Amino acid sequence: MDEVKEKLTYICSKFRIEGDILVYRWIPAGHINTAYYAAVYNGKEIYQLLIQRVNTYVFRDPVGMMHNIELLTEHVRSKEPTMEKRRRLHFRHTAARNNYIVLKDGVAMGPDEPFDPLDESIEFWRVYNFIEYSTSFETAEGNPEVLRMSGKAFGKFLRQLEDFEAGQLIESIPHFHDTRYRLDNFFSVVEKDELGRAASCREEIGLIEQYRDFGCTLCRQIDRGELPLRVTHNDTKTNNILFDKDNLDPLVIIDLDTCMPGLACYDFGDTIRFAACTAEEDQPDGMQLDLRLMRAYTEGYMSEAGCVLTDAEVKSLATGAAVITLELASRFLGDYLVGDKYFRIAYPEQNLQRARAQLTLFTDMMKHMDEMQAIVRDCAGRE
Ligand code: ADP
Ligand code: GN1
Ligand code: MG
């Protein structure tokens with residue numbers, strides 16, 4: 001048996017899933033965790049599973065994060081108790097009732113044994129149902145229906161979590177969308193310039209500097225109590241929704257790792273950033289905002305979330321798209337400057353290219369801010 005298959009079989013056994021792995025494959029999507037599809041046959045049934053290693057460099061309290069996910073999936077299920085299986089995430093449990101295992105040097109640790117998330121000999125794994133006959137989108141391929149259905153899905157998600165008690169959640173990544181903190185951190189990385197890479201991206205650093213104050217707009221609104229904190233997803237890319245392959249019906253929202261208190265406008269804005277544009281996340285050439293796709297997303301989002309958003313939140317949505325694009329540019333560029341420690345890369349300068357693409361998109365968003373605001377007003381039916 002090959003090494004990966006052996007490891008996945010061992011992990012399954014710890015989640016009380018016995019049988020042979022008929023096929024498995026690595027799933028290349030996502031910048032953070034490592035995911036495998038596996039089909040396990042126990043002589044009677046075939047289980048299709050998603051087996052995932054959580055990146056503990058990024059998530060320093062993975063046990064707390066898995067507790068968040070347990071509470072959130074339960075809450076969503078309680079809203080629609082008869083929901084069919086392929087519309088929900090079901091995490092497997094170990095004999096000790098944990099929805100994760102920790103391996104040290106490849107061997108499972110005791111259920112409550114403490115571990116250091118930065119220890120390179122440990123691996124944190126979870127197993128859940130693979131959603132069959134589904135697809136997700138790395139780009140919207142210019143199709144407004146992908147955006148409309150994504151807007152509906154994330155709008156509904158916001159509504160379903162409206163009555164979730166936010167105090168139950170740990171912050172799985174502190175300061176995740178605290179743009180002021182992100183920018184401060186970025187400029188301290190630039191100052192240190194550990195690898196001497198800053199000289200090659202002076203123009204990009206200058207652009208972020210120019211908009212540093214704008215980037216803090218939403219933080220100031222939080223300080224003044226103008227925008228409510230809600231339970232938000234915080235990573236609303238279209239590859240974090242699984243759609244029915246045939247009709248684009250959004251089946252389930254995945255990647256709940258960053259669900260925590262946040263602003264609605266960052267969630268709204270992140271899908272615009274990722275999918276209402278004309279190029280992929282790391283392609284600066286030809287990267288522009290696509291207002292037609294933005295309108296489709298906003299229509300879908302408002303049809304589900306319009307009833308719960310305050311006037312101030314509605315007004316913040318377009319700003320959210322620009323701010324999160326700038327924030328992510330600073331995160332990608334910051335990671336490039338420290339040697340690509342956070343985001344997985346497929347080629348050496350990918351984080352630099354990602355930052356450039358985000359800055360090109362950000363510049364275009366700022367140019368079209370009035371039109372973006374008008375689309376939001378129009379779709380919300382509010383002045
Ligand atoms: P990351 O944090 O690395 O983005 P995700 O949880 O988003 O990890 O998973 C990566 C990819 O794996 C997703 O974009 C999706 O394509 C696929 N995937 C994740 N969960 C499932 C699932 N339950 N069923 C089918 N595909 C999945
Ligand atoms: C990461 O894990 P993934 O690929 O869904 C990142 C997001 C970024 C995104 C950019 C935990 O998301 O914040 O916006 O890449 N997730 C984390 O594509 O940092
Ligand atoms: Mg993901």
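Remember, it's a predicted structure, so these values are computed and weren't measured experimentally. Whatever order the structure lists ligands and atoms in, that order sets their numbers, starting from 1.
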Trainee: Is the gap between the ring centers of F15 and H93 under 6.0 Å?
Mentor: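 No, ring centres 6.0 Å or more apart.
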
Trainee: Can you classify the ring geometry of F214 versus Y211 as parallel (below 30°), tilted (30 to 60°) or perpendicular (above 60°)?
Mentor: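 Aromatic pair F214/Y211 classed perpendicular.
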
Trainee: Below a 4.0 angstrom heavy-atom separation, can you tell me which part of S136, side chain or backbone, both or neither, approaches ligand 1?
Mentor: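 S136 to ligand 1: side-chain contact only, backbone stays beyond 4.0 Å.
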
Trainee: Can you confirm if the aromatic rings of Y47 and F130 lie within a centre distance of less than 6.0 Å?
Mentor: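 Here the rings of Y47 and F130 have centres that are no less than 6.0 Å from each other.
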
Trainee: Would you check ligand 2 and list the protein residues that come within less than 4.0 Å of it by any heavy atom, ordered by chain and number?
Mentor: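 Near ligand 2, by chain and number: G30, H31, I32, F59, I173, F176, D235, K237, N240, D255, T258, R273, E281, L328, R331, F332, Y342, F343.
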
Trainee: Over 60° means perpendicular and under 30° means parallel, so tell me whether H177 and Y266 are parallel, tilted or perpendicular.
Mentor: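 Aromatic pair H177/Y266 classed parallel.
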
Trainee: Please classify the N240 to ligand 1 contact at 4.0 Å (heavy-atom distances, strictly less than): side chain, backbone, both or neither.
Mentor: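 Only the side chain of N240 comes within reach of ligand 1.
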
Trainee: Pair up each side-chain donor or acceptor in residues 140-150 with any protein partner under 3.5 Å, not counting sequence neighbours, and list the distances.
Mentor:
from : atom 1 : to   : atom 2 : distance (Å)
N143 : OD1    : E145 : N      : 2.9
E145 : OE2    : R148 : NE     : 3.0
R148 : NH1    : E299 : OE1    : 2.4
S150 : OG     : V146 : O      : 2.6

Trainee: Taking the six-membered ring of Y342 as reference, does the NZ or CZ atom of R344 fall below 6.0 Å from its centre and within a 45° cone about the axis?
Mentor: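 No, a cation-pi geometry is absent between R344 and Y342.
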
Trainee: Show all protein N/O/S atoms under 2.8 Å from the Mg ion (ligand 3), or state that there are none.
Mentor: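 Listed by chain and number, the nearby protein N, O or S atoms are N240 OD1, D255 OD2.
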
Trainee: For E84, I'd like to know if atom CD has over 12 heavy atoms of other residues, nucleotides or ligands within 6.0 Å.
Mentor: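 Above 12, so yes.
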
Trainee: Under 6.0 Å between ring centres: does that hold for F91 and Y100?
Mentor: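 Centroid separation for F91 and Y100: 6.0 Å or greater.
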
Trainee: Suppose we screen for side-chain contact (heavy atoms from CB on, under 4.5 Å). Which residues come up paired with C12, at least two apart in sequence or across chains?
Mentor: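 I17, V40, L49, I51.
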
